[in-house]
Structures are given as C-alpha cells and as structure tokens.
> 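Structure below; questions to follow.
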Amino acid sequence: MNVCITGANRGLGLALTRVFLEQGHQVFATYRQKSNALLDLEQQSNQLIPIPCDVTDEAQIHSLQQMLSNQAGALDILVHNAALLLERESPDIEDLDFSVYLPTLQTNAVAPLMVTKHLLPLLRHGTGKTIIAISSEAGSIGSCWRDREYSYCMSKAALNMGMRILHNRLAQEGFRLRLIHPGWVQTDMGGSNAELTPMAAAQDVYERIMETCGAPSVSPEELYIDWKGQFLQW
C-alpha cells in the first residue's frame, strides 16, 4: 500500500516509517529537517521516499500533493503524526506563555485538516481509504487529570473534534478514521523516562492502523483508542 506519514524524521514517526517499510509498504515520509536516521533509512530501502514539508504551510502541502500525484497517483493510508510540545516546563497558570498556543494548535490540530484537504483526492483514488491521527490521552476531556499542560491538551482535544467531524463527513464514502494514543513513548516529547520505546509503540500502532484499514467500517464509539485497542473516553 501507499502510505504517507507526517513528521517522520524522528521518534514515533520514524519508527512507524521503519515498521511500514518492513511490512512491504511504500512510504512517503514528510519532514521539516531530515535527520541522519531518516537519511540512513532512505539508503536502506527504495520503498521510502522522504519529502520535505512543513505541515503548517499550505503551499508546501500543495507541493506534497503534486509530488504524490506524480509518483503514486493514489494514497491508501494517511498518518497524521507531526506534532509539537512547546510548554516543556509545564508552567502553572500564573506563568503561562501564550505565544506558544497558536503554533501548538496550528501544528497539532489545524495542520491535519490542511493535509487531509489536499491529499483527499489521492485517498479517494486509493483502496485503503484510511486516515489515522496520532492523538493522546491528554486530549480526553472526560478523563482529564492534569492541572497544567494546557496548550498540548487543548490541541489534542481540538484534533479529536476535527477528526470526529471528518469521520461524520467521510464515513459515507467508505473511509475509516482513527485517533490513536500511542502510549508514553521515549521520544523528544515523551522523555527518556517513558514506558515504551518508539519501536515498541510503533509495532502496536501499526497493528491498530492495519486493523482499521481492514475493518468494514469504524463507528464513532470506536474512533478514539490507545495503542492496545482500548477505547478512550472523549
């Protein structure tokens, strides 16, 4: 299958790219700055096509669409993985820096809709018709336990709503969407004390993606899950 993964230069995105390649898929991997790890992977597989793309820049997304159209003609699976966390120190309410809020929302919540908008014609031509967004339990309103990390949590809640509305629009065309919380992963975002290595998380997330792709349909109640397939509270 033809798969596009955003934010594939490191962390979970890089690991997912590796897993999809190992399973024989062709992967179009987007990045803002190509890492040495992605470069090494490119040299190991002719099924990997790295593409520079800032997912917050609609002109660059349009260029991505043109490149995919020329090289593949169709897309089966789209994985929205690109995300950022700018409130690294988890400041309390009195110390919030609101300059990071719009960039966080733009990347984590708005960009997936922008990318979907431009790649939808290619997805309609594909057989997989699967759109995946890497979300987080931090986006759950019903099970929220934090008393800080506002910007990241708000952005993931907004992502969840965007994908839910997109599900309402595209399910009638046979599309299957999923929001997947990958667990606490040892990445730049998750930190070295996290429970899961990127490859361990990617293996489970890959299984959830392929289950989604093979499902006849996905109900609204089944949209928001974790890496083990457990349903999460909206």
Side-chain angles (χ1 to χ4, degrees), residues 1-57 60-84 107 111-112 114-135 163 175-180 182 185 187-189 196-215 227:
M1 289 188 170
N2 291 331
V3 182
C4 180
I5 302 174
T6 67
N9 61 308
R10 61 184 180 181
L12 181 63
L14 179 66
L16 276 172
T17 298
R18 189 181 302 275
V19 173
F20 271 100
L21 290 171
E22 289 174 351
Q23 297 301 318
H25 302 277
Q26 181 164 48
V27 180
F28 299 89
T30 80
Y31 64 91
R32 284 191 301 173
Q33 295 179 328
K34 186 185 286 188
S35 64
N36 289 333
L38 184 60
L39 181 61
D40 290 343
L41 198 56
E42 180 184 12
Q43 294 172 345
Q44 297 168 22
S45 174
N46 58 12
Q47 290 288 92
L48 171 60
I49 302 176
I51 304 173
C53 181
D54 180 345
V55 294
T56 67
D57 185 329
Q60 291 190 37
I61 299 171
H62 180 65
S63 296
L64 168 67
Q65 186 272 333
Q66 290 182 314
M67 182 173 294
L68 288 173
S69 181
N70 291 334
Q71 296 205 25
L75 191 62
D76 298 301
I77 300 173
L78 172 59
V79 182
H80 296 294
N81 170 77
L84 50 76
T107 299
M114 292 168 61
V115 173
T116 300
K117 168 190 171 182
H118 286 277
L119 299 192
L120 192 55
L122 293 168
L123 287 161
R124 282 182 169 134
H125 282 121
T127 58
K129 290 185 169 57
T130 299
I131 301 173
I132 303 294
I134 302 302
S135 186
M163 290 298 109
F175 277 85
R176 293 166 292 276
L177 280 72
R178 269 264 163 74
L179 291 146
I180 302 177
V185 187
T187 62
D188 288 349
M189 187 180 298
L196 299 169
T197 66
M199 281 303 292
Q203 292 283 358
D204 285 334
V205 170
Y206 172 81
E207 291 181 10
R208 304 292 81 77
I209 292 173
M210 297 314 295
E211 287 171 2
T212 303
C213 189
W227 71 105

> Can you check whether P52's main-chain N or O pairs, donor with acceptor, with T30's side chain at less than 3.5 Å?
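Checking the backbone N and O of P52 against the side chain of T30, no donor-acceptor pair under 3.5 Å is found.
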> Provide the closest heavy-atom pair for V55 versus M114 in the form atom of the first, atom of the second, distance.
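For V55 versus M114, the nearest heavy atoms are O-CE, 4.1 Å.
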> So, the side chain of T130 versus the backbone of G128: is there a donor-acceptor pair under 3.5 Å, distance only?
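Yes, because the side chain of T130 sits within donor-acceptor range (under 3.5 Å) of the backbone of G128.
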> Is the backbone N or O of T187 less than 3.5 Å from a side-chain atom of R10, with the two atoms forming a donor-acceptor pair by type?
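The answer is no, because no donor-acceptor pair under 3.5 Å joins these two groups.
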> Any side-chain to backbone donor/acceptor pair from N81 onto I134? Under 3.5 Å, distance only.
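No, because the side chain of N81 does not come within donor-acceptor range (under 3.5 Å) of the backbone of I134.
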> Go through the structure and list residues passing ring-ring contact (aromatic ring centres under 6.0 Å, His included) with F28, not counting sequence neighbours.
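ring-ring contact (aromatic ring centres under 6.0 Å, His included) list for F28, sorted by chain: empty.
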> Could you tell me the separation between the CZ atom of R208 and the OG1 atom of T212, rounded to the nearest 0.5 Å?
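With rounding to 0.5 Å, CZ (R208) is 8.5 Å from OG1 (T212).
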> Between S45 and L21, which heavy-atom pair has the shortest distance, and what is it?
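Reported closest heavy-atom pair: OG-CD2, 3.7 Å.
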> Tell me the closest heavy-atom pair linking L48 and L41, and the distance in Å.
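Looking at all heavy atoms of both residues, the closest pair is CD2-C, 3.8 Å.
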> State whether the side chain of K129 and the backbone N or O of R124 hold a donor-acceptor pair below 3.5 Å, judged by distance alone.
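Yes.
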> Which atoms form the tightest heavy-atom contact between M199 and A15, and what is the distance?
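Scanning both residues, the minimum pair turns out to be SD-CB, 3.7 Å.
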> When P198 is tested against each of L14, V185, V19 for side-chain contact (heavy atoms from CB on, under 4.5 Å), which residue passes?
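The side-chain contact (heavy atoms from CB on, under 4.5 Å) with P198 is passed solely by V185 among L14, V185, V19.
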> Please answer whether the main-chain N or O of N9 pairs with a side-chain N or O of S35 as donor and acceptor at a distance below 3.5 Å.
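Checking the backbone N and O of N9 against the side chain of S35, a donor-acceptor pair under 3.5 Å is found.
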> Is it true that atom NE2 of H118 has more than 12 heavy atoms of other residues, nucleotides or ligands lying nearer than 6.0 Å?
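Yes, enclosed.
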> For the backbone of I132 and the side chain of R178, can you confirm whether one donor and one acceptor N or O come within less than 3.5 Å of each other?
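No, the answer is negative, given that no donor and acceptor are paired below the 3.5 Å cut-off.
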> Any idea which heavy atoms bring L12 and P182 closest together, and the distance?
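Heavy-atom minimum between the residues: CD2-CB, 3.6 Å.
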> Tell me whether K34 is salt-bridged to E42, with the criterion being a basic N under 4.0 Å from an acidic carboxylate O.
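Salt bridge: yes.
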> Output yes when a side-chain donor or acceptor of N2 lies under 3.5 Å from a complementary backbone atom of A74, and no otherwise.
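Between the backbone of A74 and the side chain of N2 there is a qualifying donor-acceptor contact (under 3.5 Å).
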